[in-house]
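Notes to accompany the following structure.
Predicted, not measured: the structure shown is a model, and the values here were computed from it. Protein chains get the first letters and strands the later ones, always in sequence-line order, with residue 1 at the start of each.
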Amino acid sequence: QKEVEQNSGPLSVPEGAIASLNCTYSDRGSQSFFWYRQYSGKSPELIMFIYSNGDKEDGRFTAQLNKASQYVSLLIRDSQPSDSATYLCAVCGSGGSYIPTFGRGTSLIVHP
Amino acid sequence: GAGVSQTPSNKVTEKGKYVELRCDPISGHTALYWYRQSLGQGPEFLIYFQGTGAADDSGLPNDRFFAVRPEGSVSTLKIQRTERGDSAVYLCASSLFPPGTDTQYFGPGTRLTVL
């Protein structure tokens with residue numbers, strides 16, 4: 001059974017700080033990894049995806065993947081109150097099924 | 001349309017009733033997914049269509065749940081003999097290419113409440 005684990009939080013950071021969101025997964029054959037942001041009462045929207053070990057940067061966001069440790073993280077630099085949302089990690093595995101498995105999400109609160 | 005649309009936005013029904021939830025994907029997207037999301041949880045996969053056919057229905061919880069996509073565009077999720085445990089937000093998503101390789105675009109969801 002594929003599992004994707006996230007700390008539900010909330011993670012509280014001050015405005016301007018770096019927010020670090022973490023996700024671990026159980027299927028060692030997983031190949032693609034996605035971070036979604038979900039505002040309260042809204043649907044998830046993709047922030048970024050990563051396929052290869054290492055870092056991938058997009059603006060204030062950096063995704064980090066370590067397949068050996070089965071760990072993926074999202075860093076948000078210069079956090080803004082508008083970043084306050086739930087961040088969902090999604091993992092696509094091997095074995096012929098590429099349906100994303102989502103974690104429960106981490107609630108992030110950026111306070112002024 | 002510009003994005004994925006879902007109707008109705010809210011549905012309240014009584015235990016034992018039948019409901020249909022509709023999803024209209026982004027034009028041209030061949031892949032369509034249904035998820036349901038309970039409070040405090042991530043989206044839980046239900047079924048994936050590639051074109052008109054259900055390529056993966058392993059997430060459907062039981063035979064009360066059924067989904068169709070007869071023309072490869074609009075999809076309907078059908079729930080028979082609804083139970084209180086079916087209460088959740090039902091999300092539809094679509095993508096241009098198969099899962100795992102492309103961005104999924106989510107609709108606004110249908111909030112189903114079973115009394």
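- For a residue to count as touching a neighbouring chain, one of its non-hydrogen atoms must lie under 4.5 Å from one of that chain's; by this rule A:Gln38 touches chain B with the side chain only.
- Contacts between B:Glu44 and chain A at a heavy-atom distance below 4.5 Å are absent for every atom of the residue.
- Interface residue A:Tyr51: only side-chain heavy atoms are found under 4.5 Å from chain B.
- Contacts classified as side chain to side chain donor-acceptor pair (under 3.5 Å) and involving residues 80-89 of chain A (residues at least two apart or in different chains) are given here: A:Arg60-A:Asp83, A:Asp78-A:Gln80.
- Residues A:Leu88 and B:Gly42 come closest through the heavy atom pair CD2-CA, 4.0 Å.
- Aromatic pair A:Phe102/B:Phe45: centroids not less than 6.0 angstrom apart.
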Do A:Phe34 and B:Thr103 pass the side-chain contact (heavy atoms from CB on, under 4.5 Å) test, and can you show the C-alpha distance, the side-chain angles, and the key distance before you say yes or no? CA-CA 9 Å; A:Phe34 300 79; B:Thr103 300; 5.8 Å; no
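- Placement of A:Leu75 and A:Leu11 in two distinct hydrophobic clusters is found when ILVMFWY residues are connected by side-chain heavy-atom separations under 4.5 Å, directly or transitively.
- Looking at A:Ser43, its side chain never comes within 3.5 Å of a backbone N or O of B:Gly109 through a donor-acceptor pair.
- Of the atoms belonging to B:Pro108, it is backbone heavy atoms, and not side-chain ones, that fall under 4.5 Å from chain A.
- Shown here is B:Leu39, whose CG atom has no more than 12 heavy atoms of other residues, nucleotides or ligands within 6.0 Å.
- Heavy-atom pairs under 4.5 Å with chain B were tallied for A:Gly103, A:Ser8, A:Pro44; the largest tally goes to A:Pro44.
- The local environment of CZ in B:Phe66 is sparse, with at most 12 non-hydrogen atoms from other residues, nucleotides or ligands closer than 6.0 Å.
- For B:Phe97, the CZ atom counts as loosely surrounded, since its 6.0 Å shell holds 12 or fewer non-hydrogen atoms of other residues, nucleotides or ligands.
- Every residue two or more places apart in sequence or in another chain that forms a ring pair (Phe, Tyr, Trp, His ring centres under 6.0 Å) with B:Tyr105 is listed here: B:His29.
- If you chain together hydrophobic residues whose side chains sit under 4.5 Å apart, B:Tyr35 and B:Phe49 never meet in one group.
- For the pair B:Tyr33/A:Ile99, a side-chain contact is recorded, criterion being any heavy-atom separation below 4.5 Å from C-beta on.
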